[in-house]
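Labels below follow one simple rule: chain letters A, B, ... track the order of the sequence lines, proteins then strands, and each chain is numbered from 1. Below, all heavy atoms of this structure are taken into account, side chains as well, without hydrogens, waters or symmetry copies.
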Amino acid sequence: MATSQRSQEPQRPKKGLTQEQQNNPYMSMFNHFRDELDEHHDRRERVIKASRDITALSKKMIFTLQRARDPFSPLPASLNKEYEMRFKQIQEIISCVSPDLQDISTYRYARQITGGIQEYTEAIAFHYYLATGKLIPLSAVQESVKSLIEITPGDYILGIFDLVGEMMRFSITMIATRGDADKDEKVAKALRDLRELRLEFEGLDTSTTLGGESGLLGKEVHKKLGVMKTCVEKVEAAVCGVIVRGSERPKGWIPDLTGATGGGGGTMDRVDEGE
Amino acid sequence: MSSCNIYAMVDPEIFAAVQEQIESDSQVKEDIREALKKIDKEVRSITSTLSRVHIIPPEHVIDLTTTADEPIKRLRDGIQGLIDIVKDYPYYKYNGIWSRDIQNVAFLVLFQAWLQRSYAPGNAENSLLTIEEVGDVLGVPVNLKNEDKFHLTIEEYLHAVLSLVEELTRLTTNAVTQHDFLRPQMINRFIKDIHSSFQVLNLKNDTLRRRGDALKYNVKKVEEVNYDLILRNLIPTGADEKKEEGLKEDAKEPPEQQK
């Protein structure tokens with residue numbers, strides 16, 4: 001802050017500056033503005049930093065969850081420990097940034113914090129889904145952060161959009177690793193759930209409100225809608241492939257999806273939602 | 001497969017609630033835009049009134065500015081209408097929709113006051129309304145930090161100041177065409193003060209920064225007009241000449257700053 005100001009000063013003659021400052025009737029007002037704007041920018045920076053940190057930790061939580069092999073049942077103890085550790089770290093960041101997001105600031109910095117909140121929602125929702133097989137309601141996400149910060153419906157829905165990508169990766173890994181995917185009830189449920197989510201998303205009124213940049217969900221939503229559809233279709237194709245050619249399935253073989261195939265969770269990174 | 005529903009992932013109420021929120025959100029936005037239409041109508045009429053300053057002789061300017069008094073009062077009502085719509089929601093939730101309109105409104109208030117103060121006989125030193133004064137004219141609080149209510153923000157005010165500078169830059173040229181050589185000198189001093197005041201702000205890389213950076217071109221343009229006037233002895237007093245001499249040194253500064 002101070003440095004950027006200093007860098008501008010030497011360009012002007014020192015004497016002229018003081019003279020100008022003395023005669024300038026607006027200088028004191030602008031000095032006041034500077035203090036106010038600095039305060040605002042500092043707060044904004046802190047929120048951006050918190051958002052990035054929350055995003056990074058949430059991604060780690062998701063990686064941990066992707067290592068689970070048996071969905072719709074409690075997490076193995078080792079994974080759970082990892083997950084809880086990250087969760088606690090996020091809670092600490094949230095309680096640190098919380099004072100910057102109160103009252104009038106809640107929406108002032110909404111655009112700065114929303115990235116972190118979306119990723120966090122995604123992680124929490126993924127955890128909830130793997131444990132219960134259900135979609136987490138907004139109220140439960142809000143409860144998880146107590147009332148330290150506000151989770152808006154926009155944050156929530158955009159986070160759930162990304163959840164579809166994680167469910168896709170998880171399903172593909174299940175198909176690849178569990179064997180007998182054509183008869184596996186859990187794979188069938190995962191596919192059903194993906195389709196159900198897709199139907200719900202498509203059921204939202206996208207005509208005017210959801211679509212435009214000015215909608216509740218902003219301009220990202222169109223892209224996310226497309227990515228979400230692709231994700232569902234990948235799993236549909238995978239299950240179809242297993243059923244058609246399942247009997248010929250050699251051990252470790254998984255259906256060809258996008259050219260990037262493999263057995264482990266690691267290679268699945270390439271079948272990411274970004275593609 | 002018949003047991004689908006027991007396993008169903010999504011509680012339909014979740015999406016029904018979201019749909020409801022999307023709808024009420026878009027309704028609010030529509031109401032806001034409706035209220036802004038009324039404000040914009042007044043803004044356009046005041047703009048065209050005050051713009052006549054560029055083509056009328058200086059002695060008529062004060063009369064001209066008073067004709068804007070009534071429409072500015074109506075602007076106040078228009079803003080009150082907007083406030084009635086948004087007062088139940090967090091201020092910054094929808095602020096982006098009207099911020100530009102409020103900047104235009106604030107500019108007109110600043111412009112009218114500048115003209116009134118600067119064309120008055122024995123003109124006042126300080127021709128820029130403070131943010132508080134603009135707030136008073138419009139009947140809104142300014143720079144609220146702890147209270148979540150409608151207000152004029154510092155950024156909006158600064159944008160309005162920059163618009164004023166642009167308008168006055170144009171006025172410099174047009175004043176000369178009216179053989180009014182006093183205004184270019186006043187504007188010159190005013191814009192210099194604003195320019196050096198902007199230097200104390202630590203602006204982030206945003207629209208305010210970009211517009212603030214462009215201030216130097218306005219300074220330069222007005223300086224050139226003044227310089228030409230002095231060169232041809234169209235600005236008489238020796239004292240002024242000396243002052244302009246000093247200012248000329250500063251004229252070299254804008255290109256340096258560009259890097």
- May I ask you to check whether over 12 heavy atoms, not counting those of A:Arg44, lie within 6.0 Å of atom CZ?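 No, the 6.0 Å shell around CZ holds no more than 12 heavy atoms from other groups.
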- Query: Got more than 12 heavy atoms from elsewhere within 6.0 Å of CZ, A:Arg198?
  - Reply: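 Correct, the count exceeds 12.
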So which part of [X] gets closer than 4.5 Å to some heavy atom of chain A, the side chain, the backbone, both or neither?
X	value
B:Glu13	neither
B:Asn143	side chain
B:Ile97	neither

So do [Y] and [X] actually touch side chain to side chain, heavy atoms under 4.5 Å?
X	Y	result
B:Asp193	A:Pro25	yes
B:Lys145	A:His40	no
A:Asn24	B:Ser197	yes
A:Glu45	B:Lys204	yes
B:Tyr92	A:Thr106	no
A:Asp103	B:Tyr91	no
A:Leu204	B:Val18	yes

- Query: Which pair of non-hydrogen atoms, one from A:Met27 and one from B:Val200, has the smallest distance, and what is that distance?
  - Reply: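 Shortest heavy-atom contact: SD-CG1, 3.6 Å.
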- Quick check: does any side chain N or O of B:Gln21 sit under 3.5 Å from a backbone N or O of A:Pro153, one acting as donor and the other as acceptor?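 Such a contact is absent between B:Gln21 side chain and A:Pro153 backbone.
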- Query: Centroid-to-centroid, A:Tyr26 to B:Phe190, below 6.0 Å?
  - Reply: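 Aromatic pair counts; centres sit under 6.0 Å.
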- Item | Test of ring centre spacing under 6.0 Å for B:Tyr94 and A:Tyr107 |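 No - the distance between ring centres of B:Tyr94 and A:Tyr107 does not fall below the 6.0 Å cut-off.
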- Please walk me through it: do B:Phe15 and A:Leu197 pass side chain to side chain contact (heavy atoms under 4.5 Å, CB included)? CA-CA 10 Å; B:Phe15 276 81; A:Leu197 264 186; 4.1 Å; yes
- Task: Apply side chain to side chain contact (heavy atoms under 4.5 Å, CB included) to A:Leu37 and B:Leu203, showing your working.
- Result: CA-CA 8 Å; A:Leu37 290 176; B:Leu203 295 174; 4.1 Å; yes
Contact part of [X] toward chain B, heavy-atom cut-off under 4.5 Å: side chain, backbone, both or neither?
X	answer
A:Phe72	neither
A:Tyr109	neither
A:Gln102	neither
A:Ile136	backbone

What's the spacing between [X] [atom1] and [Y] [atom2] if we round to 0.5 Å?
X	Y	atom1	atom2	value
A:Lys134	B:Met9	NZ	CE	9.5 Å
A:Glu36	B:Thr153	CD	OG1	11.5 Å
B:Ile14	A:Ser139	CD1	OG	8.0 Å

- Task: Dump the intermediate steps for side chain to side chain contact (heavy atoms under 4.5 Å, CB included) on A:Arg34 and B:Gln199, then the final yes or no.
- Result: CA-CA 10 Å; A:Arg34 179 189 54 211; B:Gln199 303 292 307; over 6 Å; no
- Message: Test side chain to side chain contact (heavy atoms under 4.5 Å, CB included) on B:Tyr157 and A:Met29; report intermediate values, then the result.
- Response: CA-CA 12 Å; B:Tyr157 172 76; A:Met29 177 167 76; 3.2 Å; yes
